[in-house]
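Quick notes on the structure that follows.
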Amino acid sequence: MKEKFFVVELLKWYSIHKRDLPWRESTDPYHIWLSEIILQQTRVNQGLPYYLKFIRSYPTIKSLANAPEQEVLRLWQGLGYYSRARNLHYSAKKLLSENDGILPRTYKELLLVKGIGKYTAAAIASFAYKEKVAVVDGNVFRVLARIFGIDKDIMDPAGIKEFYKLAELLLPDKNHHIYNQAIMEFGALHCTPAAPGCDECIFKKMCFAYKHDLQSKLPVKSKKVKKKTRYFNYLCIRHKNKFLMKERDGKDIWKGLFEFPLMEDKKEKDHDEIIERFNKTEISVDQESKVFKHILTHQTIYSKFYVISIKELGDFNKILKDSKCKPYNQHEIKKLPKSMLINKFLEEYIFV
Ligand code: SF4
């Protein structure tokens, strides 16, 4: 009874309060895929211009697949979590070569596409194909935990299972795709993490968290990822009118983006210590930047840039042996995909 009331009232609430968002007007699975990948870890206001840019530049999976990776990363620049863009591009290419650029039609098959997890597969299956499957994101965890009083950990597999069980039980036979949108929207707009609108809430009478004053305790999320602190010293090496840069590789952040040669330190080094390393090479630092503090979800990076002019490209080896670096002029650098940290430095110190 309680469950039925919840679904009916939620659908009414949604019909009045829903936002007009471009991907909601579409049943094109590619548009939904793109919007869901962009909106992971990103607020709607920030993600919307990126979604529009991507749809304009790559209106189909085929056009995305045929674009060079650097161009895709450049368009993604500023959104962070670049593996999302790389996986999106990789999967578009794979879909084009193996399935004529068409996404699979079922939840189970969608899960086989790289970069599509449970949430995104459910969103595409529900919104594009109207498959009856529960879409569970952070908003849904929060709304269910508070209203139905679930105190299981949303980071723990057993806890997650319990949330999915309830989410599936609540799915109505008709309009389940609208219900999925509605519960996420209710969490995003009304039952928000820090300031839920309890006083005007339609579920006040049935809400467990409201009755027991537990809004700030639910949902339970135990495993907090410890933030790492890193210290990046970038060597911004100028040769004539060009700067040495290279593409980041490995399993670290910003794979595929371009940066200056990097010396990473475990501790904050006194800058004299860095300068000393150059003095040994008889190459002097023209300019050193302020310290840039760059905050990512799981790490904080303190970064300093040292601008160094060299007469011969070979002099670079006296500072650091790195054969992957190539010289780029300012025009070329502007076109390369780069992290926001590198961009901030360039705008404050180089492109002025
Ligand atoms: S009463 Fe408060 S905590 Fe409960 S559903 Fe409404 S907004 Fe969320």
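All values derive from a computational prediction rather than experimental measurement. Order of listing sets the numbers, starting from 1, for every ligand and every atom in it.
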### Query
Below 4.0 angstrom, N of the basic side chain to O of the carboxylate: do Glu162 and Lys152 qualify?
yes
### Query
Can you tell me if Cys198 has an N, O or S atom under 2.8 Å away from atom 2 (Fe) of ligand 1?
yes
### Message
Any non-hydrogen side-chain atom of Leu262 less than 4.5 Å from a side-chain atom of Asn233?
### Response
no
### Task
Write out the residue and atom name of the closest protein heavy atom to atom 4 (Fe) of ligand 1, then the distance separating them to 0.1 Å.
Cys207 SG, 2.4 Å
### Task
Under 4.0 Å from a heavy atom of Gln215: give me the atoms of ligand 1 that qualify, with their elements.
3 (S)
### Task
Confirm or rule out an N/O/S atom of Cys201, from backbone or side chain, lying less than 2.8 Å from atom 6 (Fe) of ligand 1.
yes
### Task
Identify, by atom number and element, the atoms of ligand 1 in contact range of Pro196, meaning under 4.0 Å from any of its heavy atoms.
7 (S)
### Task
Specify whether Tyr349 and Phe345 have parallel, tilted or perpendicular ring planes, treating 30° as the upper limit for parallel and 60° as the lower limit for perpendicular.
parallel
### Heavy-atom side-chain proximity of Phe54 to Val72 below 4.5 angstrom
yes
### Message
Tell me the protein heavy atom at minimum distance from atom 5 (S) of ligand 1, and give that distance in Å.
### Response
Ile147 CG1, 3.5 Å
### Task
Could you verify whether a donor N or O on one side chain and an acceptor N or O on the other, from Gln181 and Arg24, lie under 3.5 Å apart?
yes
### Query
Is Arg84 salt-bridged to Glu36, cutoff N-O under 4.0 Å?
no
### Query
Which of the numbered atoms in ligand 1 are below 4.0 angstrom from a heavy atom of Arg146?
3 (S)
### Task
Give the residue, atom name and distance (to 0.1 Å) of the protein heavy atom nearest atom 8 (Fe) of ligand 1.
Cys191 SG, 2.4 Å
### Interfacing atoms of ligand 1 (cut-off 4.0 Å, heavy-atom, Tyr210)
1 (S)
